[in-house]
A.B. asks: 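This is the structure I have questions about; it appears just below.
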Amino acid sequence: GAVVSQHPSWVICKSGTSVKIECRSLDFQATTMFWYRQFPKQSLMLMATSNEGSKATYEQGVEKDKFLINHASLTLSTLTVTSAHPEDSSFYICSARGTSGQISHEQFFGPGTRLTVL
Amino acid sequence: QKEVEQNSGPLSVPEGAIASLNCTYSDRGSQSFFWYRQYSGKSPELIMFIYSNGDKEDGRFTAQLNKASQYVSLLIRDSQPSDSATYLCAVFMEYGNKLVFGAGTILRVKS
């Protein structure tokens, strides 16, 4: 099946710093990538949808200037959490959807990145 | 009304029993339905997808879809303790070109 990787798998940073998370589709071209956030014991919350070469579409309530998304190629999307604060501590998960998959509309999930802001 | 609704549980079943997980959705035009399993601290993994009304079986898992009732379910036969996880129902919404997830049902299989 299709593989999506994320890096780093976990990160600890100081309040006020920025953190970049990478999401890569390893064996397929991801025309669309999604970024989710999940707090403990809560469901996935979609933050934004990005299409290769165009600006990301953010969900209501998500600050686009704080969560910068770049989808520069068909295999790479990045999420930068700018000026991170303790309330940004969460599990960030990306998923990717391509045009060559066997299953229409299926999204392949990365392993997630656990962010802790001190 | 939420777009995708699931009973949060927890649903507790004894080992070897059938676990039945249910999901309803609001968009009558939806065509694609997915069940994901998520272990604590891990990202979701796809178990099954279904497009057509009726049943679809894959090993111990059976997905059931009733578009008229806007209802999709997942049956797990011969439940094992390793099946204990949160099960997420996801529906593809054409208008947003995205999957919409339910809040998930916690399943606990007791040995």
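Quick caveat, the model's predicted, so the values are computed rather than measured. Worth knowing before you read on, the calculation uses all heavy atoms, side chains too, and leaves out hydrogens, waters and symmetry mates. Lettering of chains follows the sequences in order, A, B, ..., and the numbering in each one begins at 1.
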A.B. asks: Shorter than 4.5 Å, heavy atoms on both sides: which option in B/S43, B/S40, B/A90 has the most such pairs with chain A?
C.D. replies: B/S43
A.B. asks: Need one label for B/E45: side chain, backbone, both or neither, based on atoms under 4.5 Å from any heavy atom in chain A.
C.D. replies: neither
A.B. asks: Once the angle between the rings of A/F109 and A/Y36 is folded into 0 to 90°, is it parallel (under 30°), tilted (30 to 60°) or perpendicular (over 60°)?
C.D. replies: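 Taking A/Y36 first and then A/F109, their aromatic rings sit tilted (interplane angle of 30° to 60°).
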A.B. asks: Contact part of B/K42 toward chain A, heavy-atom cut-off under 4.5 Å: side chain, backbone, both or neither?
C.D. replies: backbone
A.B. asks: With a 4.5 angstrom heavy-atom cut-off, could you sort out which part of B/L88 is near chain A: side chain, backbone, both or neither?
C.D. replies: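 Just the side chain, heavy atoms under 4.5 Å.
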A.B. asks: So which of A/L44, A/I93, A/T32 has the largest heavy-atom pair count under 4.5 angstrom toward chain B?
C.D. replies: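 Ranked by heavy-atom pairs under 4.5 Å with chain B, first place is A/L44.
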A.B. asks: Check this for me, if you would: do B/E57 and B/R77 make a salt bridge, where the nitrogen-to-carboxylate-oxygen distance has to be below 4.0 angstrom?
C.D. replies: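 Judged by the 4.0 Å cut-off on N to carboxylate O distance, B/E57 and B/R77 do form a salt bridge.
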A.B. asks: Is it the backbone or the side chain of A/Q6 that comes under 4.5 Å from a heavy atom of chain B, or both, or neither?
C.D. replies: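 For A/Q6, there is no contact with chain B at all, as no heavy atom is under 4.5 Å.
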A.B. asks: Check whether the ring centres of B/F101 and B/Y36 lie less than 6.0 Å apart, and answer yes or no.
C.D. replies: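 Judged by ring-centre distance (under 6.0 Å), B/F101 and B/Y36 do meet the cut-off.
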A.B. asks: Any carboxylate oxygen within less than 4.0 angstrom of a Lys/Arg side-chain nitrogen, looking at A/K20 and A/E22?
C.D. replies: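 No, this pair does not count.
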A.B. asks: Please report the closest heavy-atom contact between A/I69 and A/S50, naming both atoms and the distance.
C.D. replies: CG2-CB, 3.7 Å
